Amino acid sequence: MPLGEYNPKQIEEKWYKVWLENKLFEANADDTQRPYFSVAMPPPNVTGSLHIGHALNMTLQDVIVRIRRQEGYNTLWLPGFDHAGIATQWVVTRQLEEQGINKFDLGREKFIEKVWEWVPKAKETIKKQIEKLGASCDWSKQRFTLDEGFARAVREAFTKLYSEGLIYKAPYIVNWDPKDRTAISDLEVEYKEEKGNIWYIRYPLEDGSGYIVVATTRPETMLGDTAVAVHPEDERYKHLIGKRVKLPLVNWKRKTWDGKEIDNLIPIIADDYVDPVFGTGAVKITPAHDPNDFEIGQRHNLPIVVVMDETAHMNENAGVYKGLDRYEARKKIVEDLKKEGLLEKVEEHVHNVGHSQRSGAVIEPYLSIQWFVNTKKLAKRAIEVVENGEISFIPESWKKTYLRWMYDIKDWCISRQIWWGHRIPVWYCQDCGEINVFSDDMYDNIAKKVIFNMYGDTRISQTFSLKEIANYLFSKNFTHPEKTNLEFYEKVVFKREIPQLKDETHIKSFLEENYIKVPVLFSKKEELVGFPPHVVFYLYANRYIGNSFTAKDVYEAYKKHEKEIKFIYSQIIGELKKEEIFKDIQTLEKWLTDHAYGNCEIKKIFFTETDKVFSVIEDNIVEMRYFIDLRCKNCNSLNLKQDEDVLDTWFSSGLWPFGTLGWPEKTPELERFYPTSLLVTGFDIIFFWVARMIMMGMHFMKEKPFEDVYIHALVRDEKGEKMSKTKGNVIDPLDMIELYGADALRFTLTVLAAQGRDIRLSEKRIEGYKHFANKIWNASKFVLTNLENFMVNSSIYQSVNDLDLSYEDKWILTKLQKTIEKAKDAINSYKYNEYASTLYNFFWHEYCDWYLELVKERVYKGSDKEKQIVLSVLVYVLDKSLKMLHSIMPFITEEIWQKLPYKDADYLPVAKYPEKDEKLIFEEETKLIEALKELIISIRTVRGDFNIEPSRKLNVYIKPLDDNFNKVLNKLENGIKLLAKVNELTVDKSLERPPNTVVAISKLAEAYIDISGAIDVEKELKRQEKLLKDVEKSISISEKKLSNENFIKKAPTEVVEKEKALYEELKEKAERIKAAIENLKSIFSGKEEN
RNA sequence: GGGCGGUUAGCUCAGCUGGCCAGAGCACCUCCCUUACAAGGAGGGGGUCAUAGGUUCGAGUCCUAUACCGCCCA
């Protein structure tokens, strides 16, 4: 037997490996002959595992990618992973917490190490899932948004934008999580309704003429108030605008965020934002602790006073309240206001309170200094390319959403107070305050570039050893574990050989030549030896003094390099002891003598000495370290400190479409595969990701990042609720694959992916489509089994064009061509559901239900010639069907296809996608077979209506009304017998209705069914009358239309013609039914007479 | 408050630029283990296309309003 039982697990396990081994998914940048098709996979976060939304996203991409590959495009689907700053940091933080480790105790470097331990695990899990789904992506080109090349691209992008003045620093309100001590994005804030109060507070007017009452839900922030605002048209307050009030309780000086002192007199201002109906119509303005107040503050140029620290405790600006938690402070302040008689009243109030999705802490809007991208300029081109249709959104409605947001775009805050991510490539000079932005383009030497990148990625520190460099370069790369990091730099990042870093000897001499050498000495007790000896060795190692030197040489050299030496050693050994030794030459000479061979009393010998001329003892150098001399561009100082913050994850993923192809290097991949052809993603990240990619792409590449953006829906549960772990309604794609197979899951997701609507997924659906997989399997089994029997000593045709085809062959071939065309149209307009259901209907309801059945007679009992032809057609149609279905159901189709008697490729992913063949369209024969189907169905219906078991064979007389149809009937006699369960079949053009038969009326024939006395004339009469009623109803509708002059005049002629034809047909049918009824009636009356 | 989308069979949804009697899957009812498939086959019932107007020869499809539901932005 060629095929056994359908067992998805068994077949799905083996094929992916085979495809990979044969490199079927690898795109070739050197192939410039074929047109290309490229897709950058939205990189999943390395936070855990994939959910069903990912499965949908991957499937939709894979369907198109596989089709394009089969169609012969040079196809690249580039996969990867996103380091997902906050999300990943959070996952690792929680893991550590479970072990009782606090991330602040651990410290930045150690924490990042922990994340790097976690990330490969998550990556492997996700990769396996993607493979299980069958995604045909090119793993040889996979990338990670935090890999060596991406980090370089990010620094390049940042530097460029900064130098163009498009990146700037400014104070800004962020959602601050006081528990995790980090800013979080708007997305990660969850609003919950909570009961609270509105406090009405009196702010006395400066001139003592009374007070203005403000309403607030957060009285503790009043300490940071810098204005009171009212609506400009509010008659109650108009006269007060411009006056000042005295801020209650605050009788101390406060400092603004940039260090200016201000007092407690604050202005009353007018702003449209104020809702005159809320509270008293007057609101306090706290720019540092409320986003709206911040905006108003910006508009009115108000000072900004921060009154809390990063743990949400009151700070020095809060005067007597300093050190209190914000809620304690609230209580105390309310009490104090009451005491002073400034609290007018308290009302209960339900309001939305923001909580951190992750830690649960109540979010504190908090002023901090952040980096921004000026997006107005970037948005300009990004708007144009969408407006003019260079980039199209599918469904198109998203274009509007995108544009609306882009027209009103706000500057983009790109700094995040977390540790995991691309650290901002900005170094602040500690001496002159200069802001230095560095990328590796300040080095002309490629090896130096690499070393800077390693430093920038915190793989090495600013002073480093040969060993550290070598260890890193020769260890396995994270993204491509089959490459070392050096190879990754060579093959992916810079695309050229880096001979200086090939082996340790090369690296060593390279370091010696290019970097400041920093000797590190140890005493015999293995402890780091102090400052003075290091200096001398340092001067010696860098040839600032020679092999033998006097105290004067050392003194002079030291004075010249003092700053540099002090800075470097303070980095390595912390405190610098005994600087006084370098006070003058005499003290220095004494010290040198003391530590020289022969004179040393303290047993720490560093030098030899002859006549006050010293030499270092090189054996004392335990380790030679090197120093990257990043210098301040303004004052040349080495004393730089890198920005603590990291970049928003979207800053790096915004570079994804070209960063993955090697940018900023001009790689062949970038040349070949950019712009990418398609982006498939969910609507939830249009602003976060899609918009940023378009802006970045237009800015850096001067070209759009993709042609089409297909926006798919959210996968919800069957009740339409969002899937979430807490609700427990998640459908895990792996579970589904386990139960029903990846093919069934993929088919379900594809057939449900109608444009513009959420997908409600239920397990039942997946189960249902597993039945389809089973159907494919069994139909194929039928074909292959019969083929095997036949092929023992014969062969079949690969082409069906010139065969002596029968009616049903021509019919199925025609249907196939129409299916090919319809499927192609569907997929080219991204109508996935239509694509899937077209194939489904063709395969199941045409090929299986009718063709296979009609053909069985020939397959079983035909002559060799007949068998040869029919099997050729069966295989031909199966081959084309499998090729089309492959894009949705890759595994089962490959398994079957491999068993076909001929193949145009080794594997299905690279076999040629079917094209419509006009020569295989036979309209006449198709019409005849359709009529035959109708006839058979009408006979079956009679059976049903008279409750005749299918096992009981009937005698049927058929009267064809058409010569050609007569031929078909004669030829397919046995097929009809089989399909309609007929015993004796009589076909005769001149037939009169035999007695005791029921009439089944169809287009090209009438069938008289002998139900052998079981006929109930009355029942049959009723049945026919019902049919007549239906037909007459249709006739009257048709009649109404045709009698309408306007219809005839205004409707297109083809519609009118069609209507007329329909009318004639219906009319004729009605006549025939009437005749049948008359006939029945005569029997009926005849019976009565008897 | 502004914007977008939805409301079609018991359930989940298709239905394109208006044109046969509005479709599918599941569920339901009747019959059948017929040699590819019971994960199957054959037949059947079930819809005033949310409501009210309008445009049109013709409206599930276009327009307006209303109701309800959902999402996004503020």
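In this text, all values refer to a predicted model and were calculated from it rather than measured experimentally. First the proteins, then the strands, lettered A, B, ... as listed; each starts at 1.
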Requested in this report: Assign a letter to each nucleotide of nucleotides 17-24 of chain B from its 5' end: B, base within under 4.0 Å of a protein heavy atom; S, sugar-phosphate only; -, no contact.
Outcome: --BBS---
Return a table of donor-acceptor pairs under 3.5 angstrom between the side chains of residues 736-746 of chain A and protein atoms on other chains or two or more places apart.
unit_1, atom_1, unit_2, atom_2, d
A/Glu738, OE2, A/Lys9, NZ, 2.6
A/Tyr740, OH, A/Glu763, OE2, 2.7
A/Asp743, OD1, A/Phe891, N, 3.2
A/Asp743, OD2, A/Ile892, N, 2.7
A/Arg746, NE, A/Ile888, O, 2.8
A/Arg746, NH1, A/Asp62, OD2, 2.7
A/Arg746, NH1, A/Leu133, O, 2.8
A/Arg746, NH2, A/Asp62, OD2, 2.9
A/Arg746, NH2, A/Ser887, O, 2.8

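- Among residue pairs with one or both ends in residues 870-879 of chain A, those qualifying as salt bridge (charged side-chain N to carboxylate O under 4.0 Å, His left out) are A/Asp879-A/Lys883; sequence neighbours excluded.
- In this entry the distance linking CG of A/Leu979 with C1' of B/rG41 reads 11 Å, nearest Å.
- B/rG6 and B/rA14 have their P atoms separated by 10 Å, with the value rounded to a whole Å.
- Nucleotides B/rA50 and B/rG15 are separated by 15 Å at their P atoms, to the nearest Å.
- Distance check on atom P: B/rC69 versus B/rA27 gives 31 Å, rounded to whole Å.
- Across B/rC13 and B/rG47, the matching C1' atoms stand 14 Å from one another, rounded to whole Å.
- Partners of A/Glu5 under the side chain to side chain donor-acceptor pair (under 3.5 Å) rule, at least two apart in sequence or in another chain, do not exist in this structure.
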Anything under 3.5 Å between a protein N or O and an N or O of nucleotides 1-3 of chain B, put it in a table, one pair a line.
unit_1, atom_1, unit_2, atom_2, d
B/rG3, O2', A/Arg404, NE, 3.4
B/rG3, O2', A/Arg404, NH2, 3.1

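- Among the protein residues, A/Thr941 comes within range of the sugar-phosphate backbone only, with heavy atoms under 4.0 Å from sugar or phosphate atoms but none that close to a base.
- The side chain of A/Tyr6 has B/rA39 as its nearest neighbour among B/rG40, B/rG43, B/rA39.
- In A/Lys927, the NZ atom is not crowded: 12 or fewer heavy atoms of neighbouring residues, nucleotides or ligands sit closer than 6.0 Å.
- For A/Lys856 and A/Phe782, the positive end sits near the middle of the six-membered ring, less than 6.0 Å away and at most 45° from its axis.
- Going from the C1' atom of B/rC16 to that of B/rC73 covers 30 Å, rounded to whole Å.
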For nucleotides 35-37 of chain B, tabulate all protein N/O to nucleotide N/O atom pairs closer than 3.5 Å, reporting atom names and distance.
unit_1, atom_1, unit_2, atom_2, d
B/rA36, OP1, A/Lys856, NZ, 3.4
B/rA36, OP1, A/Tyr860, OH, 3.1
B/rA36, OP2, A/Tyr860, OH, 2.3
B/rA36, O2', A/Asn778, OD1, 3.2
B/rA36, N7, A/Lys856, NZ, 3.3
B/rA36, N6, A/Cys848, O, 3.4
B/rA36, N6, A/Glu853, OE2, 3.0
B/rA36, N3, A/Asn778, O, 3.3
B/rA36, N3, A/Ala779, N, 3.2
B/rC37, O4', A/Asn778, OD1, 3.3
B/rC37, O4', A/Asn778, ND2, 3.4
B/rC37, O2', A/Asn774, ND2, 3.3
B/rC37, O2', A/Asn778, ND2, 3.2
B/rC37, O2, A/Lys775, NZ, 2.8
B/rC37, N3, A/Lys775, NZ, 3.0

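- Rounded to an integer number of Å, the gap from OH of A/Tyr832 to P of B/rC13 is 20 Å.
- Atom name P, nucleotides B/rG1 and B/rU55: the rounded distance is 32 Å, in whole Å.
- Atom name P, nucleotides B/rG25 and B/rA42: the rounded distance is 11 Å, in whole Å.
- Ion pairing between a basic and an acidic side chain is recognised when a charged N comes within 4.0 Å of a carboxylate O; A/Glu930 and A/Lys933 show such pairing.
- The aromatic rings of A/Phe393 and A/Tyr402 lie tilted to each other, with the angle between the two planes from 30° to 60°.
- Annotation: B/rC28 and B/rG70 have their P atoms spaced 30 Å apart (nearest Å).
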